[in-house]
Amino acid sequence: MADLSQQDWEEQLENDPNAVILDVRTEEEVEEGIIPNSINIDIYKGQEFINELEKLDKSKNYYVYCRSGNRSGQACSIMKTIGFENAYNLQGGFMNWEGDTE
């Protein structure tokens, strides 16, 4: 797992053909906007969160974000323990995101 600055996260994401953007925020937070092309799995759903992660392709590179970078860091740690090779945490999260949103 790696914590990446906003700039590094965005640059690495743009150059990664194997990238998946994962939003681990709540539904209410998602309604405020999302980073384009991201999938949402709420980390607060506990075991259901892990069950949903298990359905994902572990060979892909995951770019994970939440509101501030705390929950996404936890999500990256969980992902590593269940066999994901590459998960990158967006430092500062969505509230510091300066790129496009939907």
Side-chain angles (χ1 to χ4, degrees):
M1 179 194 106
D3 287 319
L4 298 179
S5 69
Q6 298 266 333
Q7 182 178 354
D8 290 345
W9 197 85
E10 193 169 14
E11 285 175 6
Q12 194 168 314
L13 177 63
E14 284 176 13
N15 297 312
D16 187 346
N18 204 26
V20 176
I21 306 169
L22 177 62
D23 179 342
V24 299
R25 299 175 301 154
T26 65
E27 283 181 33
E28 293 78 23
E29 290 172 308
V30 169
E31 289 172 9
E32 297 169 15
I34 62 169
I35 296 173
N37 303 313
S38 55
I39 58 172
N40 173 249
I41 305 174
D42 183 353
I43 193 170
Y44 285 148
K45 295 205 169 157
Q47 187 59 46
E48 187 182 331
F49 174 72
I50 293 170
N51 293 346
E52 290 298 314
L53 287 179
E54 291 285 7
K55 296 176 186 175
L56 300 175
D57 183 345
K58 292 181 181 173
S59 69
K60 301 247 182 228
N61 299 322
Y62 289 85
Y63 293 81
V64 187
Y65 73 95
C66 65
R67 188 181 65 81
S68 66
N70 188 22
R71 283 174 286 167
S72 50
Q74 293 172 346
C76 288
S77 295
I78 292 167
M79 293 171 80
K80 186 173 184 179
T81 63
I82 62 173
F84 287 84
E85 289 181 30
N86 296 307
Y88 305 103
N89 180 33
L90 176 61
Q91 287 181 325
F94 189 76
M95 63 183 192
N96 290 336
W97 179 252
E98 294 179 359
D100 293 338
T101 61
E102 293 180 342

To the nearest 0.5 angstrom, please state how far the [atom1] atom of [X] sits from the [atom2] atom of [Y].
X   : Y   : atom1 : atom2 : answer
E48 : L53 : CD    : CG    : 11.0 Å
S5  : N96 : OG    : CG    : 11.5 Å
N86 : K80 : CG    : NZ    : 10.0 Å
T26 : E31 : OG1   : CD    : 8.5 Å
E32 : R25 : CD    : CZ    : 7.0 Å
K60 : E85 : NZ    : CD    : 13.0 Å

### Message
If we ignore hydrogens and angles and just use 3.5 Å, is the side chain of D3 paired with the main-chain N or O of G73 as donor and acceptor?
### Response
no
### Query
Okay, side chain of N89, backbone of Q91: is any donor-acceptor separation there less than 3.5 Å?
no
Using the rule that two of Ile, Leu, Val, Met, Phe, Trp, Tyr join whenever any of their side-chain heavy atoms come within less than 4.5 Å, decide whether [X] and [Y] are in one cluster.
X   : Y   : value
I82 : Y44 : yes
I41 : Y62 : yes
V20 : Y65 : no
I35 : V64 : no
V24 : M79 : yes

### Query
Side-chain contact, heavy-atom cut-off 4.5 Å: D23 with F94?
no
What are the two closest non-hydrogen atoms of [X] and [Y], and how far apart are they?
X   : Y   : answer
S68 : M95 : CB-CE, 3.7 Å
A19 : L13 : CB-CD1, 3.6 Å
I43 : F49 : CA-CD1, 3.5 Å
G99 : E10 : CA-OE2, 4.1 Å
C66 : R71 : SG-N, 3.4 Å

### Task
Dump the intermediate steps for side-chain contact (heavy atoms from CB on, under 4.5 Å) on L56 and I39, then the final yes or no.
CA-CA 11 Å; L56 300 175; I39 58 172; 3.9 Å; yes
### Message
I'd like to know whether N40 forms a side-chain contact (heavy atoms from CB on, under 4.5 Å) with I34, so could you lay out the CA-CA distance, the side-chain angles of the two residues, the decisive distance to 0.1 Å, and finally the verdict.
### Response
CA-CA 9 Å; N40 173 249; I34 62 169; over 6 Å; no
Counting only heavy atoms not in [X] (residues, nucleotides, ligands), do more than 12 fall under 6.0 Å from its [atom1]?
X    : atom1 : result
E27  : CD    : no
D100 : CG    : no
E102 : CD    : yes

### Partner set under salt bridge (Lys or Arg N to Asp or Glu O under 4.0 Å) for E54, not counting sequence neighbours
K58
### Task
Run the numbers on V30 and D42 for side-chain contact (heavy atoms from CB on, under 4.5 Å), then give the verdict.
CA-CA 10 Å; V30 169; D42 183 353; over 6 Å; no
#### Entry: Any pair counted as ring pair (Phe, Tyr, Trp, His ring centres under 6.0 Å), so long as it reaches residues 1-20, sequence neighbours left out
W9-Y63, W9-W97
